Protein chains: 2
Amino acid sequence: MARELVESRRTQYTRRALRDALIELLADKPLARITVRELCERADVNRSTFYAHYPDLDSLLRDIEEDTIDWVNGTLQQLLERPDPDSVGRVIEHVCRYIADNRSHLRVLMSPQADLRFQQQLLGLIYGRIDLATQLQGTDPQEAEMRMHFAVSGSIGLLQHWLASEPTAPPETVARIITTMALPAR
Amino acid sequence: MARELVESRRTQYTRRALRDALIELLADKPLARITVRELCERADVNRSTFYAHYPDLDSLLRDIEEDTIDWVNGTLQQLLERPDPDSVGRVIEHVCRYIADNRSHLRVLMSPQADLRFQQQLLGLIYGRIDLATQLQGTDPQEAEMRMHFAVSGSIGLLQHWLASEPTAPPETVARIITTMALPAR
DNA sequence: TGCCAAACCGACACTGTGTTGGTTTACTGG
DNA sequence: CCAGTAAACCAACACAGTGTCGGTTTGGCA
């Protein structure tokens with residue numbers, strides 16, 4: 001694990017070229033329609049070099065996604081350390097602002113063209129940490145889980161629409177809508 | 001158009017074989033990992049015969065999905081003809097019951113493995129016809145659209161979870177959750 | 001500056017794709 | 001009941017992408 005942290009300048013450049021190229025291609029078409037060949041062509045990297053780094057396109061995509069996942073994890077950690085009565089709303093707003101700041105990358109990663117698994121993982125992480133269950137106390141556990149799924153998928157859909165549409169609504173508005181729709185009125 | 005309605009018994013059998021085979025395969029893996037070859041093998045249909053019917057796997061899938069779309073369209077037409085003050089809740093419940101009745105097919109078509117486009121089309125159809133906008137009267141149109149997207153995606157996620165989980169909750173419960181979360185409290 | 005890891009290159013066997021021309025087979029209408 | 005025909009079968013094709021080699025440059029760090 002520690003060894004991998006020490007990447008030579010050359011390999012870093014190659015990996016970045018591959019990652020950037022994939023993002024560019026994903027803006028045009030779904031992953032299934034992208035070939036290793038054209039990716040390498042665009043990245044100006046030899047095809048065999050690609051295979052030296054990743055077994056397939058899926059792995060490359062997951063590598064890219066990992067950065068965002070890591071950021072969210074770290075941020076959640078920080079935010080939840082200091083106790084805050086209204087933590088839920090604050091976390092959601094914080095994440096929305098992050099998304100707005102990294103719009104160009106995330107509009108691709110969050111698009112329906114991209115990887116649904118990542119999107120669910122991302123939102124599931126947030127709602128899981130927040131422990132939505134405590135917000136839904138008193139209700140039937142099976143029903144609470146269903147509401148949870150509605151909230152996660154609904155948030156994904158809203159965020160996708162937000163990132164795809166112009167002009168862009170302010171992150172605060174989006175956060176407010178998510179909060180009001182995902183959580184039961186108190 | 002009229003000509004296509006008259007299908008010989010043979011072609012009907014072939015098409016059904018292909019459709020059933022695809023449903024079976026989709027239960028195992030996503031569309032992207034399914035090849036025309038293995039589909040034909042399972043369907044016991046010659047590969048060139050497949051191409052005589054469909055240009056690619058995507059078209060076959062859309063053909064299957066069309067049946068459900070047609071049913072929903074027809075049902076909506078019927079239900080919305082007779083005016084009903086509480087039409088929204090009734091439509092949603094009706095659709096949930098249909099899904100429960102055709103569980104085996106729809107659990108595949110609705111799965112994340114399958115086609116997201118279909119799922120959005122299906123739910124978008126319902127919410128569009130219902131004209132959720134009227135439910136959201138008085139609010140900012142941009143915000144109304146965002147809530148709409150939340151509602152559609154949320155419903156999809158909930159339905160996916162519902163179809164995938166055991167034991168199965170009654171359709172009435174699911175309909176109630178969708179109604180309460182998608183529509184603003186009056 | 002010399003070393004060596006990492007990128008490049010060309011070639012390989014393999015699998016899947018669409019398409020085509022010719023054949024068999026099984027419905028259907030007379 | 002059987003002839004005609006539409007539809008399914010079959011074999012073979014050119015082509016594109018995959019994953020994996022061994023051998024060769026090349027760039028950067030010590």
Side-chain angles (χ1 to χ4, degrees), chain A residues 1-64 66-67 113-115 117, chain B residues 1-64 66-67 113-115 117:
Chain A
M1 184 192 289
R3 196 193 312 117
E4 299 185 5
L5 291 178
V6 191
E7 264 189 344
S8 80
R9 191 181 301 175
R10 250 171 119 198
T11 65
Q12 264 192 335
Y13 174 85
T14 301
R15 288 172 97 94
R16 174 154 300 277
L18 289 172
R19 292 159 60 119
D20 290 349
L22 184 56
I23 292 286
E24 283 175 39
L25 288 173
L26 275 176
D28 282 353
K29 44 182 161 182
L31 188 65
R33 296 259 164 277
I34 298 175
T35 69
V36 176
R37 255 189 148 72
E38 69 178 325
L39 173 80
C40 293
E41 207 165 307
R42 176 173 291 239
D44 202 25
V45 162
N46 194 275
R47 200 163 58 88
S48 60
T49 301
F50 169 85
Y51 286 109
H53 288 278
Y54 305 98
D56 49 35
L57 289 177
D58 240 52
S59 302
L60 170 56
L61 180 56
R62 255 177 274 171
D63 188 36
I64 298 174
E66 208 166 297
D67 286 353
Q113 301 251 310
D115 182 9
R117 189 189 31 193
Chain B
M1 184 192 292
R3 198 192 311 115
E4 299 185 6
L5 291 178
V6 191
E7 263 189 344
S8 77
R9 191 182 302 175
R10 255 170 114 198
T11 67
Q12 263 190 337
Y13 174 85
T14 301
R15 288 172 98 95
R16 174 154 298 278
L18 289 172
R19 292 159 60 120
D20 290 349
L22 184 56
I23 292 285
E24 283 176 37
L25 288 173
L26 275 176
D28 282 353
K29 45 182 161 182
L31 188 64
R33 297 256 165 279
I34 298 175
T35 69
V36 176
R37 254 190 148 71
E38 70 179 324
L39 173 80
C40 293
E41 206 164 307
R42 177 174 290 242
D44 202 26
V45 161
N46 194 275
R47 199 163 58 89
S48 61
T49 302
F50 169 86
Y51 287 109
H53 288 276
Y54 305 99
D56 49 35
L57 288 177
D58 241 52
S59 302
L60 170 55
L61 180 55
R62 254 176 274 171
D63 188 35
I64 297 175
E66 208 166 297
D67 286 354
Q113 301 253 311
D115 183 9
R117 189 188 29 193

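The sequence lines fix the lettering, A, B, ..., with proteins before strands; numbering per chain opens at 1. Bear in mind the structure is a predicted one, so any value in this text is a computation, not a measurement. Keep in mind that the numbers below use all heavy atoms, side chains included, and drop hydrogens, waters and symmetry copies.
For DNA chain D, the span of nucleotides reached by chain B at under 4.0 Å from its heavy atoms goes, 5' to 3', from D:dA6 to D:dA12.
For B:R33, there are no side chain to side chain donor-acceptor pair (under 3.5 Å) partners at least two apart in sequence or on another chain. Partners of B:Y13 under the side chain to side chain donor-acceptor pair (under 3.5 Å) rule, at least two apart in sequence or in another chain, do not exist in this structure. Residues passing the side chain to side chain donor-acceptor pair (under 3.5 Å) test with A:E66, sequence neighbours excluded: none. With sequence neighbours left out, the side chain to side chain donor-acceptor pair (under 3.5 Å) criterion links A:E41 to no other residue.
Counting heavy atoms from C-beta on, the side chains of A:I34 and A:D28 never come closer than 4.5 Å.
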Donor-acceptor contacts under 3.5 Å from residues 14-23 of chain B side chains, at least two apart:
unit_1 : atom_1 : unit_2 : atom_2 : d
B:T14  : OG1    : B:R10  : O      : 3.2
B:R15  : NE     : B:E7   : OE2    : 3.1
B:R15  : NH1    : B:H53  : ND1    : 2.9
B:R19  : NH1    : B:D63  : OD2    : 3.3
B:R19  : NH2    : B:D67  : OD2    : 2.4

Using a cutoff of under 3.5 Å, can you pull out all pairs of nitrogen or oxygen atoms linking the protein to nucleotides 21-30 of chain C, with atom names and distances?
none

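In the helix from C:dT1-D:dA30 to C:dG30-D:dC1, the end axes, each obtained as the rotation axis mapping the C1' atoms of four pairs onto the next four within a five-pair block, lie 30° apart to the nearest 10 degrees.
Residues from residues 35-47 of chain A lying near DNA chain D, meaning a heavy-atom separation below 4.0 Å, are A:T35, A:V36, A:R37, A:R47 in numerical order. For DNA chain C, none of the residues of residues 19-26 of chain B falls under the heavy-atom distance limit of 4.0 Å.
Pairs of residues two or more places apart, or lying in two chains, that qualify as salt bridge (charged side-chain N to carboxylate O under 4.0 Å, His left out) and include a residue from residues 42-57 of chain A are A:E24-A:R42.
The two residues B:C40 and B:F50 have their closest heavy-atom pair at SG-CB, 3.6 Å. The two residues B:L25 and B:L39 have their closest heavy-atom pair at CD1-CA, 3.8 Å. Contact record, A:P30 with A:L26: C-CD2, 4.3 Å, taken as the closest heavy-atom pair.
The phosphate of C:dA7 has OP1 or OP2 within less than 4.0 Å of a side-chain N or O from A:H53.
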